[in-house]
S.K.: 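What follows is a single structure, and I will ask about it in a moment.
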Amino acid sequence: MTAEVCPISNETCPWFNRPVRAQGAENGCFTDLDHRVPQRLATTTLASLYIYSPENKQQICRDEHDAKTREGDEPLPERQYMLSRVLAQVASGDLIVSRPTRRKLAKGKI
């Protein structure tokens, strides 16, 4: 977990009165890393690359994270969308993949 001080921390947060988790925090409210499309949907190589890519991650308040989980997960995008986003992140250097994986991506064989 990547716990950080929550910028929207307030007494209405269910985490407020819990033990401090983020270094420098004054209360128990914190943010952590959320995968917009959940990790449990990473069942193929392409889905894994997309789900673990920087574009699919966000730092949000733990209470918001809990609410998002209760409401239901984001669905896995269409294959072509995931492929284009992964290729763009590889091209920009934001996502590092092995040479064989890069070749497969370029051919659309992943």
Side-chain angles (χ1 to χ4, degrees):
M1 174 174 28
T2 311
E4 296 180 6
V5 176
C6 184
I8 58 172
S9 175
N10 62 65
E11 293 176 0
T12 64
C13 177
W15 290 88
F16 191 85
N17 291 317
R18 294 187 184 183
V20 173
R21 291 186 173 212
Q23 186 174 10
E26 296 177 5
N27 57 63
C29 188
F30 65 99
T31 68
D32 67 349
L33 183 64
D34 171 55
H35 291 81
R36 290 179 177 98
V37 176
Q39 298 173 62
R40 66 179 179 73
L41 297 180
T43 57
T44 66
T45 302
L46 179 58
S48 293
L49 288 169
Y50 178 77
I51 288 168
Y52 291 102
S53 72
E55 190 174 282
N56 188 55
K57 297 175 184 175
Q58 62 183 344
Q59 195 78 15
I60 62 173
C61 177
R62 184 65 217 187
D63 186 42
E64 289 177 30
H65 196 168
D66 293 343
K68 180 180 170 249
T69 301
R70 278 191 306 274
E71 293 166 7
D73 298 321
E74 292 273 335
L76 196 60
E78 295 291 325
R79 182 185 189 289
Q80 191 57 43
Y81 177 81
M82 288 190 296
L83 183 59
S84 68
R85 296 314 311 145
V86 166
L87 284 169
Q89 290 177 82
V90 168
S92 71
D94 291 335
L95 181 61
I96 307 299
V97 297
S98 68
R99 185 174 294 156
T101 301
R102 205 170 341 156
R103 287 185 193 129
K104 289 178 186 175
L105 281 169
K107 294 178 182 178
K109 303 265 186 192
I110 208 161

S.K.: With a 4.0 Å cut-off on N to O distance, would you call Asp66 and Arg62 a salt bridge?
M.R.: yes
S.K.: Is any side-chain heavy atom of Met82 less than 4.5 Å from a side-chain heavy atom of Arg85?
M.R.: no
S.K.: I'd like to know if Val97 and Leu83 are part of one continuous hydrophobic network [Ile/Leu/Val/Met/Phe/Trp/Tyr, side-chain heavy atoms within less than 4.5 Å].
M.R.: yes
S.K.: Which heavy atom of Thr43 sits nearest a heavy atom of Ala47, and at what distance?
M.R.: N-CB, 4.2 Å
S.K.: Less than 4.5 Å apart, side chain to side chain, heavy atoms only: is that true for Asp94 and Glu55?
M.R.: no
S.K.: Considering all heavy atoms of both residues, which atom of Pro14 and which atom of Arg18 are nearest to each other, and what is their separation?
M.R.: O-NE, 3.6 Å
S.K.: Charged N to carboxylate O under 4.0 angstrom, Arg21 versus Asp32?
M.R.: no
S.K.: What pair of heavy atoms forms the shortest contact from Thr31 to Cys6, and how long is it?
M.R.: CG2-CA, 3.6 Å
S.K.: Inspect the surroundings of NZ in Lys104 and state if more than 12 heavy atoms from other residues, nucleotides or ligands are less than 6.0 Å away.
M.R.: no
S.K.: Please lay out, stage by stage, how Arg79 and Thr44 fare under the test side chain to side chain contact (heavy atoms under 4.5 Å, CB included).
M.R.: CA-CA 11 Å; Arg79 182 185 189 289; Thr44 66; over 6 Å; no
S.K.: In terms of hydrophobic clusters joined by side-chain contacts under 4.5 Å, are Ile51 and Ile60 together?
M.R.: no
S.K.: Where do Gln59 and Asp34 land on the side chain to side chain contact (heavy atoms under 4.5 Å, CB included) test, with the steps shown first?
M.R.: CA-CA 6 Å; Gln59 195 78 15; Asp34 171 55; over 6 Å; no
S.K.: Show me the side-chain donor-acceptor pairs of residues 22-30 shorter than 3.5 Å, one per line, residues at least two apart or across chains.
M.R.:
{"from": "Asn27", "atom 1": "OD1", "to": "Ser9", "atom 2": "OG", "distance (Å)": "3.0"}
{"from": "Asn27", "atom 1": "OD1", "to": "Cys29", "atom 2": "N", "distance (Å)": "2.9"}
{"from": "Asn27", "atom 1": "ND2", "to": "Ser9", "atom 2": "OG", "distance (Å)": "3.0"}

S.K.: Who are the side chain to side chain contact (heavy atoms under 4.5 Å, CB included) partners of Arg36, not counting sequence neighbours?
M.R.: Asn56, Gln58
S.K.: After noting the C-alpha distance and the side-chain angles of Ile110 and Val86, does the key distance pass the side chain to side chain contact (heavy atoms under 4.5 Å, CB included) rule?
M.R.: CA-CA 11 Å; Ile110 208 161; Val86 166; over 6 Å; no
S.K.: Please check if Tyr81 and Val37 belong to a single hydrophobic cluster, counting links between Ile, Leu, Val, Met, Phe, Trp and Tyr side chain heavy atoms closer than 4.5 Å.
M.R.: yes
S.K.: Looking at residues at least two apart in the chain, or sitting in another chain, which of them share a ring-ring contact (aromatic ring centres under 6.0 Å, His included) with Tyr52?
M.R.: His35
S.K.: Who passes ring-ring contact (aromatic ring centres under 6.0 Å, His included) against His65, sequence neighbours left out?
M.R.: none
S.K.: So which pairs with a foot in residues 5-16 pass salt bridge (charged side-chain N to carboxylate O under 4.0 Å, His left out), sequence neighbours left out?
M.R.: none
S.K.: Of the non-hydrogen atoms in Pro38 and Glu74, which two are nearest, and what is the gap between them?
M.R.: CD-O, 3.5 Å
S.K.: May I ask you to list the residues sharing a hydrophobic cluster with Ile8, side-chain cutoff 4.5 Å, ordered by chain and number?
M.R.: none
